[in-house]
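Data block below; observations after.
By convention here, the first residue in the shown sequence is residue 1.
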Amino acid sequence: MPKCVFKSLTGYSCSGCGMQRFLHAMMHGRFIEAIHYNYLLVVFLPYITLFGIEFLVLTGETQKRWKRVLEGKEMTMFMFVLVVSWTIIRNILGI
């Protein structure tokens with residue numbers, strides 16, 4: 001598995017550290033174990049699922065409304081703040 005560049009350079013965990021182990025555990029049905037690898041992905045999986053629904057299932061005006069919400073400035077800023085906050089918190093707490 002490739003090493004995290006951010007962690008290799010700084011010694012700190014980034015918000016995505018543990019993602020490969022998370023996905024591996026999820027694919028093998030070990031959900032509780034997966035959550036312990038990266039808590040942030042528990043928040044991001046529903047968000048990514050909504051993107052998939054918007055792209056693959058919805059059409060017309062409904063798709064445009066979902067797209068405005070999912071890709072809007074407010075949601076983008078919220079996700080950015082969430083990722084930066086998680087990076088700081090996980091390094092302070094040693095998670």
Side-chain angles (χ1 to χ4, degrees):
M1 301 258 184
K3 300 287 182 185
C4 175
V5 175
F6 183 80
K7 190 166 188 162
S8 296
L9 293 174
T10 65
Y12 294 109
S13 296
C14 73
S15 59
C17 282
M19 183 170 33
Q20 291 173 336
R21 291 173 295 193
F22 176 95
L23 293 173
H24 184 266
M26 287 289 284
M27 288 189 286
H28 287 86
R30 298 187 312 263
F31 303 111
I32 302 301
E33 180 184 337
I35 291 169
H36 291 288
Y37 287 127
N38 193 324
Y39 298 106
L40 183 64
L41 290 175
V42 174
V43 174
F44 270 102
L45 285 179
Y47 184 65
I48 292 167
T49 302
L50 290 175
F51 263 111
I53 292 169
E54 179 260 320
F55 182 74
L56 298 171
V57 178
L58 301 177
T59 59
E61 193 59 37
T62 306
Q63 184 181 34
K64 289 178 186 176
R65 279 185 297 207
W66 275 47
K67 189 175 189 110
R68 277 195 300 269
V69 172
L70 293 173
E71 299 176 22
K73 183 178 179 182
E74 295 84 8
M75 186 60 79
T76 303
M77 286 303 297
F78 173 75
M79 289 299 177
F80 176 76
V81 169
L82 185 65
V83 166
V84 170
S85 300
W86 172 243
T87 302
I88 294 168
I89 290 167
R90 79 179 311 181
N91 285 294
I92 289 173
L93 299 177
I95 299 173

Which pairs of donor and acceptor atoms, one on a side chain in residues 70-95, lie under 3.5 Å apart (sequence neighbours left out)?
residue, atom, partner, partner atom, Å
Thr76, OG1, Gly72, O, 2.8
Ser85, OG, Val81, O, 2.7
Thr87, OG1, Ser15, N, 3.3
Thr87, OG1, Val83, O, 2.9
Arg90, NE, Ile95, O, 3.4
Arg90, NH1, Cys14, O, 2.6
Arg90, NH1, Cys17, O, 3.1
Arg90, NH2, Cys17, O, 3.3
Asn91, OD1, Ser13, N, 2.9
Asn91, ND2, Ser13, O, 2.7
Asn91, ND2, Thr87, O, 2.6

- Find the distance between CG (Leu23) and CG (Asn38) and round it off to the nearest 0.5 Å. 9.0 Å
- Message: If the condition is side-chain hydrogen bond (donor to acceptor under 3.5 Å, both in side chains), which residues does Tyr39 pass it with, not counting sequence neighbours?
- Response: His36
- Message: The criterion is ring pair (Phe, Tyr, Trp, His ring centres under 6.0 Å); which residues satisfy it with Phe51, sequence neighbours excluded?
- Response: Tyr47
- Task: Could you please spell out the steps behind the side chain to side chain contact (heavy atoms under 4.5 Å, CB included) verdict for Tyr12 and Lys7?
- Result: CA-CA 5 Å; Tyr12 294 109; Lys7 190 166 188 162; over 6 Å; no
- By side chain to side chain contact (heavy atoms under 4.5 Å, CB included), Phe55 pairs with (sequence neighbours left out) none
- Message: Starting from Met27 and following side-chain heavy-atom contacts under 4.5 Å between hydrophobic residues (I, L, V, M, F, W, Y), which residues can be reached?
- Response: none
- Joint cluster assignment, Val42 & Ile32, ILVMFWY side-chain distance < 4.5 Å: no
- Without swapping roles, check the side chain of Glu54 against the backbone of Lys67 for a donor-acceptor pair under 3.5 Å. no
- Task: Give the other cluster members for Val5, using side-chain heavy-atom distances under 4.5 Å between Ile, Leu, Val, Met, Phe, Trp and Tyr residues; answer none if it is isolated.
- Result: Leu9
- Message: I'd like to check the side chain to side chain contact (heavy atoms under 4.5 Å, CB included) partners of Ala25; sequence neighbours left out, ordered by chain and number.
- Response: Arg30, Glu33, Ala34, Tyr37
- Query: Does the side chain of Phe22 come within less than 4.5 Å of Leu45's, by heavy atoms?
  - Reply: yes
- For Gln20, does its backbone N or O pair with a side-chain atom of His24 as donor and acceptor, under 3.5 Å? no
- Which residues pass the side chain to side chain contact (heavy atoms under 4.5 Å, CB included) test with Glu61, sequence neighbours left out? Lys64, Arg65, Arg68
- Query: Counting N and O atoms only, with roles assigned by atom type, does the side chain of Thr62 sit under 3.5 Å from a partner on the main chain of Leu58, one being a donor and the other an acceptor?
  - Reply: no
- Whichever hydrophobic residues join Val69 through chains of side-chain contacts under 4.5 Å: none
- To the nearest 0.5 Å, atom CD1 of Ile53 lies from atom CD of Gln63 at 12.0 Å
